[in-house]
Amino acid sequence: MPELRIVSLLPSATEIVCALGLADALVGISHDCDYPPEVLDRPVLSQAVVGPELPSGAIEETIRGQVHRGLSVYHLDADTLAALRPTLILTQELCRVCAPSYTLVREAARILEGEVRLVSLEPRTLAEVLETIRLVGELTGRQGRAEALAAGLRAGLETVRAQVAGRPRPRVACLEWLDPLYAAGHWVPEMVAAAGGEDVLGRPGEHARVVSWDAVRAAAPEVLVLMPCGFDVPRTRRETALVARRAGWGEVPAVRAGRVYAVNGSAFFNRPGPRIVRGVEILAGLLHPEAAPAPEPGEGERLDLAALGAAARQGSGV
């Protein structure tokens, strides 16, 4: 059997590969692959056209411009890809702004020698996330370990569902971007349901979508969860004034009740990998603190609405 040499251009795929005990076979990663820590010394094959230091609105404007012109929002190092001699390349087609696309990678892979498998991972629901783990297990000869991992994650979901069973289900709005506003989609509404809430904006299995602030207000969420794609808690906290300065902010039930939270979207909500179950546990701790453990520092936190309001009035972040 030929040596297994994996290039992962998708952070969730990198996490799955490592969870299956194949970190040593991982020879290249994307610029967004930052977990687990042992992958950080691998060659990085992609680069985004926008830097993470830009404000949300500038990131959105740049990406929309690239997409409108039919251009990729990533650069891919085809020469380094060829030099790594991968036998398996994992990428995606689900989102043009989440990772290098299948089409871009396929073009780069044409220069590779030997037999290379190029696989696009496309989960949209929690069940499909588990199926993706099994698929990676099949592709890498780790079927047994993949089945055990998927079973453990499924058991974790059932544990959370049992913790919150029979409790009132608050109305929850999850925002995946703040300028413009995006309602989280795909697996996030299912995560909210498993954690004991009702997602009032998201559509299970469908893409995140732009929503108006009027639509958010009309949905009357009792809990507002900010989970911008690719952001951790501190970065999210810095940009929450983008929402708090909008008209009628103080009239939203979640704001009146002091139930506005920032979570680590990058680690636990945006990536369809093994840590998605931890995301459900985090949500349960926020929605039902009397029944589920509170999130750990850096996973999720209640926002200081007084400080947030002051920052919004000044037109700056917190």
Side-chain angles (χ1 to χ4, degrees), residues 8 10-19 30 32-37 39 52 92 94-95 97-99 121 123-130 132-133 149-150 152-161 163-164 172-178 182-197 199 201-202 204 208 223-240 259-289 292-303:
S8 171
L10 191 60
S12 59
T14 296
E15 295 187 24
I16 293 170
V17 166
C18 293
S30 79
D32 278 332
C33 295
D34 56 9
Y35 187 87
V39 308
Q92 58 90 44
L94 188 64
C95 176
V97 301
C98 290
L121 305 178
R124 295 174 181 266
T125 66
L126 287 179
E128 289 176 3
V129 171
L130 299 183
T132 296
I133 291 172
L149 176 59
L153 294 173
R154 192 181 304 105
L157 288 172
E158 292 307 316
T159 296
V160 177
R161 290 187 177 108
Q163 289 173 332
V164 301
V172 183
C174 296
L175 297 180
E176 198 171 86
W177 199 249
L178 305 183
Y182 274 77
H186 293 143
W187 45 84
V188 172
E190 291 180 284
M191 295 175 72
V192 172
D199 192 320
L201 292 175
V223 178
L224 183 60
V225 185
L226 309 181
M227 51 177 68
C229 189
F231 287 8
D232 59 12
V233 171
R235 176 65 191 275
T236 299
R237 193 190 310 119
R238 291 199 300 271
E239 302 227 354
T240 49
R259 302 196 70 185
V260 181
Y261 303 97
V263 296
N264 188 332
S266 179
F268 304 109
F269 297 90
N270 312 145
R271 302 177 180 181
R275 289 191 292 171
I276 213 80
V277 173
R278 180 57 190 156
V280 175
E281 295 170 347
I282 291 167
L283 278 178
L286 299 178
L287 301 183
H288 299 284
E296 297 292 330
E299 293 182 336
E301 64 179 36
R302 186 190 299 263
L303 291 173

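Position 1 is the first residue of the sequence, and the numbers go up from there.
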For [Y], is there any backbone N or O sitting under 3.5 Å from a side-chain donor or acceptor partner on [X]?
X      : Y      : result
His186 : Thr125 : no
Glu190 : Leu126 : yes
Arg259 : Leu286 : yes
Glu128 : Arg124 : yes
Ser8   : Thr14  : yes

Taking the six-membered ring of Tyr261 as reference, does the NZ or CZ atom of Arg302 fall below 6.0 Å from its centre and within a 45° cone about the axis? no
[X] [atom1] to [Y] [atom2] distance, which is reported to the nearest 0.5 Å:
X      : Y      : atom1 : atom2 : result
Asn270 : Trp187 : CG    : CH2   : 8.0 Å
Met227 : Leu178 : CE    : CG    : 11.0 Å
Glu296 : Asn264 : CD    : CG    : 13.0 Å
Leu121 : Ser12  : CG    : OG    : 6.5 Å
Tyr182 : Cys229 : OH    : SG    : 10.5 Å
Phe269 : Arg278 : CZ    : CZ    : 9.0 Å

Are [X] and [Y] side-chain neighbours, meaning at least one heavy-atom pair lies under 4.5 Å?
X      : Y      : result
Pro204 : Met191 : no
Arg271 : Glu15  : yes
Val260 : Val225 : no

Arg235 with Glu239: basic N within carboxylate O range, under 4.0 Å: yes
Using a strict 4.0 Å threshold on nitrogen-to-oxygen distance, state whether Asp232 and Arg238 make a salt bridge. no
